[in-house]
Amino acid sequence: MFAAYDIAHLLAGLMLVTGFAMLYQDRISAVLTTFAVQAILLSCAVAWQAVAQNRPHLFITAALALGLKGLVIPYALRRMVLKLGMHREVEQVVGVAKAFILGLCLTALSFMLVLRVTVKADVFTREGLAMALAIILIALLMMITRRNAVTQIVGFMSLENGLILAATGARGMPLVVEVSVAFSVLIALFVFGVFVFRIRERFDSVDIEALDQVRGDQR
Amino acid sequence: MIAAPAYLTPFAGLLCAIVLYAVAGVIAGVLRGGALRIVYPVAIVAALIAIACDLAALMSQGDFAHVLPIGLPGTGLRLRLDTLSAFFGLIVNIGVLAAAIYGLGLDPAHDLSGRIEPFFAIFVAAMNAVLIADDAFAFLFFWEVMSLMSWALVVANHESPENRKAGQVYLLMAAIGTAALLFAFGGLAGTAGGYSFEAMRAAAKTPLVSTLVLTAVLIGAGSKAGIAPLHAWLPLAHPAAPSHVSALMSGVMTKVAIYGLIRVVFDLLGAPVWWWALPFLLLGAATAVLGLLYAVLDGDLKRVLAYSTVENIGIIFVALGMALAFKAEGLNAAAAVALAAALLHAINHSWFKSLLFLGAGAVLHATGRRDLDGLGGLIHTMPKTAALFLAGTMSICALPPFNGFISEWLLFQSVLAGPGFPEPVLRFLSPAVGAMLALAAALAAACFVRAFGIVFLGRARSPAASAAHEAPRVQIAAMGLLAALCLFGGLFASALVALIEPLLVKFAGVALPGAGTGPTPFALVAFDPKRATYDALTIGIFLIVSGTLTTLVVHRISNRRTRRGPAWDCGFPNASPITQYSGSSFSQPLRRVYGAFAFGARDNVDMPAPGDMRAAHFSVTMRDPVWQCLHAAPARAVFGLARRLNRFQFLTIRSYLVFMFSALIVLLLVAAVWF
């Protein structure tokens, strides 16, 4: 039983580490690789939950995570990046040190909050939930520190990884919800992809700051 | 004699009248063209039916409750015609009758035809419906219809920017007022949530709830009535409407607001506490004096009348406050006198204010002007209008034998009973309020001497005024009807008091204590015939006889022939009409005394030095403190805030994300600290 905790925590912790890694990668192709690693770790975590909680349907979720997020989405994004010719591009808005410190603060906050709020819940879920929240917050942080549309997509997907981790850690989320979430993520990818190409076509850049001009607002 | 069928109750008749009003309005609005002409005749017929039904309900002391199967699903439309509704219905429908007769004389080719008639009819239907509503939903619904329709009438002449501004301010204040009423009814319904008046009457109210309801209803109904400091919309909106609608708004719609106040405070809120009277007394006294100060300094005939409405509402408030205080202290007889003063002043004001507004409308139509300094000498070209307007001014100045005197006399009688209060605050306050009312009465006299004198006497101050013509005969008839009512109300006041007796018994516990004990059947007695009586008919006959005799004698000993010679010109020949005493010169002493204190009035005199050829200039600047503090300042604050918030419209996508992220983090932090 204690091994169950340890392995679940190990996998969640590794996901958190990949989250941090994504925060400081300044090459897009490296970000994509890290994201794929995080998704594979997610599928492992979910599969372990399936074993530990004896809920076989979680294997489907794990397979979906592995297939869609670990393989299909990184592959599609990589092709997009190659097609746009920006696989060598470097972009970072906030410095690495600052982003890291912020990320650490967010992790501390999520642990502080979740451990306090869920005193009555069983230990198995508490720390898993805290780490999932930290992953979500770090993904959000990544979305606001990046200005490239592709890395923003990655941030969004990573946020979704955190959500799935939280959902599978806590018992009771039905399979239908998980499946529909997975497919909605896929659809989001399509929408994002179309948008990115459109932005590129129009502005010769995928910097989202360029979008601000479209609104016709003066700044 | 044939017995009337059972369904032919006053309620059924009144309902028919309301439907007639509404249908006429809808038909006129949809068909337009010739259909517009049907509105006023139909309104006259409906008003006559409604007056008969209201009188019948009042005299039979009937209480007719019905639930119509329309309106809210499940509850239907609860309506009830009781004596209070019937009395105020009488006020409304007499006003409508006069306004509709006046409307017959409007030129269908001009006079904004088509923008008035449909709204006019639905407006009066809604006012009648408010009075018989028996649950909060129906009340608020018809109240809003009334507000919206009167708004449409205010902006009927929307070409002028002044009227558009008036409409905007009115709409805003109406919305605030209705919101306040919504809270008042919410408080009355309590947690049980019974929205029928029956349930509200029965619901238990804690002192806190009662206080909140009182505040809300003072804001809601008080703003519609025009109590200071919520009166600022009234002198903008009432004059902006066509004159016969101004008459309805000033004379009648404010009374509907008073009805709402009486219904909530005296009927639904339960037994009063003495300090409920304080806001009524303080606000009422302040409103009475302030309203007249505005009126006496204003230079626009219709706005003077609107400000005088504010003053009269103040008087009604004081009377209601006295009634509340006496009732709370268990002095029922005095409460009956004060309540009689309030109710009689409501009906009297509706008559003479409608009369004055119709007169002002006739002047406006004949000359195209409503500024005092452009009028003058109209008594020669419009003698009938002048005589009827004079009757109205005598009523409003509370001169016997007209009706204004009756209600003010009763009010002062109740103020004189003030020393009987066990509560020291009220014992001290009532003479102070009485003094304020006396000041208001004196100012009213000054105000209307000015209004009548500047408009009708002297010489014409503009070519338009000298080319004036008498109003059409139907309009004279409408004003004559109201003037006759004013005289009737003055001479036969005891009949009116007998009419409202059931109301006094219902809300004050007893009828007028001295009723019927006077030396003649027409004498009005407040408390005790030994203390004070007012024998209206005898005094009226004395005044008429002595006045006629004096005139005859003067004419006998003086030269009988009327000669018209040149005005005495003080030795300056060919004086221009501009050199006459003007409206602002008449009010200058009062402005000197009160203006600097109340409105920060300053005279700016620019007198060139001797030898300088420049023209001299004189101007007066005044500030309206109520407008500055209650309207201009919040508007500035809102605009400033909006300008500052506007910056958030123009941020980058990333900044929005940062905002959302920080909001999330702050909330998480709060949650982390809280638990």
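Naming: A, B, ... by sequence-line order, numbering from 1 per chain.
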Whether over 12 other heavy atoms sit under 6.0 Å from [X] [atom1]:
X        : atom1 : value
B:Phe661 : CZ    : yes
B:Glu162 : CD    : no
B:Phe137 : CZ    : yes
A:Phe111 : CZ    : yes

>> Quick one, A:Leu137 and B:Leu668 - any side-chain contact, counting heavy atoms below 4.5 Å?
In response: yes

>> When you compare the side chain of B:Phe659 with that of A:Ile144, does any pair of heavy atoms fall below 4.5 Å?
In response: no

Scan the side chains in residues 202-221 of chain B for donor-acceptor partners under 3.5 Å anywhere in the protein, sequence neighbours excluded, and list what turns up.
{"residue": "B:Lys205", "atom": "NZ", "partner": "B:Met200", "partner atom": "O", "Å": "2.7"}
{"residue": "B:Lys205", "atom": "NZ", "partner": "B:Ala203", "partner atom": "O", "Å": "3.1"}
{"residue": "B:Lys205", "atom": "NZ", "partner": "B:Leu268", "partner atom": "O", "Å": "2.8"}
{"residue": "B:Thr206", "atom": "OG1", "partner": "B:Val209", "partner atom": "N", "Å": "3.3"}
{"residue": "B:Ser210", "atom": "OG", "partner": "B:Thr206", "partner atom": "O", "Å": "3.2"}
{"residue": "B:Thr211", "atom": "OG1", "partner": "B:Pro207", "partner atom": "O", "Å": "2.6"}
{"residue": "B:Thr215", "atom": "OG1", "partner": "B:Thr211", "partner atom": "O", "Å": "2.7"}

> Can you name the side-chain contact (heavy atoms from CB on, under 4.5 Å) partners of B:Arg32, sequence neighbours left out?
Replying inline: none

> Do you know the tightest heavy-atom contact between A:Arg116 and B:Ala672?
Replying inline: NH1-O, 2.6 Å

> Side chain, backbone, both or neither: which part of A:Leu115 has an atom under 4.5 Å from a heavy atom of chain B?
Replying inline: neither

> At a heavy-atom separation under 4.5 Å, does A:Leu109 approach chain B through its side chain, its backbone, both, or neither?
Replying inline: side chain

>> Counting only non-hydrogen atoms closer than 4.5 Å, does B:Leu664 touch chain A with its backbone (N, CA, C, O), its side chain (CB onward), both, or neither?
In response: side chain

>> Among A:Leu133, A:Val114, A:Leu106, which residue has the highest count of heavy-atom pairs closer than 4.5 Å to chain B?
In response: A:Leu106

>> Between A:Gln152 and B:Leu657, is the side chain to side chain contact (heavy atoms under 4.5 Å, CB included) condition met? List the steps.
In response: CA-CA 11 Å; A:Gln152 291 227 320; B:Leu657 279 176; 4.1 Å; yes

